[in-house]
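Basis for what follows: all heavy atoms, side chains included, without hydrogens, waters or symmetry-related copies.
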Amino acid sequence: MDLAIGARSLWVMMQARTREGRPRLVSHCTLPLTGAGVVNRVYTDIGVFDLRDGHFVPRALVPGLDVSALHEWISGPVRLDGPVAVIDLPRTPPLKETST
């Protein structure tokens, strides 16, 4: 974690909810931290968020998720700071059926 403390920016990738369905994006962590206040950006399965002054600032959201619904996904303060993009999800071709 010494690398995290000395880094100019730290990005995290995680799922937005726990297995129990509770938000993982929270204002206060309940687990011990090795590097408090060092994360700048969080990439989740619902979008991309910057952390600024204790607020989650949405930068991009998945299609169909409106900013007004973020309170269901985030247990912490959300602040709008400019436009929020919609993530362009890649299109995958349908799987071909194979006969066995």
Side-chain angles (χ1 to χ4, degrees):
M1 291 314 293
D2 290 337
L3 294 173
I5 298 297
R8 282 182 256 164
S9 67
L10 183 64
W11 298 355
V12 172
M13 294 180 72
M14 59 186 277
Q15 291 182 328
R17 289 191 176 161
T18 65
R19 286 186 210 143
E20 295 79 26
R22 292 190 303 265
R24 283 195 168 136
L25 297 173
V26 296
S27 56
H28 299 288
C29 295
T30 56
L31 298 173
L33 298 175
T34 55
V38 296
V39 175
N40 304 92
R41 181 169 283 180
V42 180
Y43 292 85
T44 72
D45 49 338
I46 63 165
V48 179
F49 301 89
D50 285 345
L51 280 88
R52 308 246 185 217
D53 302 320
H55 292 80
F56 294 98
V57 180
R59 294 295 176 207
L61 297 174
V62 294
L65 181 61
D66 190 62
V67 172
S68 63
L70 287 178
H71 70 279
E72 298 174 22
W73 292 87
I74 298 175
S75 177
V78 175
R79 182 178 72 203
L80 293 179
D81 185 14
V84 179
V86 176
I87 296 172
D88 188 21
L89 299 176
R91 292 181 180 83
T92 57
L95 295 175
K96 293 181 182 178
E97 292 186 29
T98 59
S99 57
T100 55

If I take atom [atom1] from residue [X] and atom [atom2] from residue [Y], how far apart are they, to the nearest 0.5 angstrom?
{"X": "Arg17", "Y": "Arg22", "atom1": "CZ", "atom2": "CZ", "answer": "12.0 Å"}
{"X": "Arg59", "Y": "Asp50", "atom1": "CZ", "atom2": "CG", "answer": "4.5 Å"}
{"X": "Phe56", "Y": "Leu80", "atom1": "CZ", "atom2": "CG", "answer": "14.0 Å"}
{"X": "Leu51", "Y": "Arg41", "atom1": "CG", "atom2": "CZ", "answer": "10.5 Å"}
{"X": "Leu25", "Y": "Trp73", "atom1": "CG", "atom2": "CH2", "answer": "10.5 Å"}

Linking I/L/V/M/F/W/Y whenever their side-chain heavy atoms sit closer than 4.5 Å, directly or via other members, would [X] and [Y] fall into one cluster?
{"X": "Val67", "Y": "Val42", "answer": "yes"}
{"X": "Val38", "Y": "Met14", "answer": "yes"}
{"X": "Val57", "Y": "Val39", "answer": "no"}

Work out which heavy atom in Pro23 is nearest to a heavy atom in Glu72; give both atom names and the distance.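 Looking at all heavy atoms of both residues, the closest pair is CG-O, 4.4 Å.
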Verify side-chain contact (heavy atoms from CB on, under 4.5 Å) between Ile87 and Leu61, making sure each step is shown before the conclusion. CA-CA 6 Å; Ile87 296 172; Leu61 297 174; 5.9 Å; no
Quick one: are [X] and [Y] in side-chain contact, heavy atoms under 4.5 Å?
{"X": "Ser75", "Y": "Ser27", "answer": "no"}
{"X": "Asp53", "Y": "Arg79", "answer": "yes"}
{"X": "Thr44", "Y": "Phe49", "answer": "yes"}
{"X": "Leu70", "Y": "Pro58", "answer": "yes"}
{"X": "Pro63", "Y": "Val86", "answer": "yes"}

Would you check if the side chain of Asp45 reaches a backbone N or O of Ala16 as a donor-acceptor pair within less than 3.5 Å?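 Judged by distance alone, yes, a pair lies under 3.5 Å.
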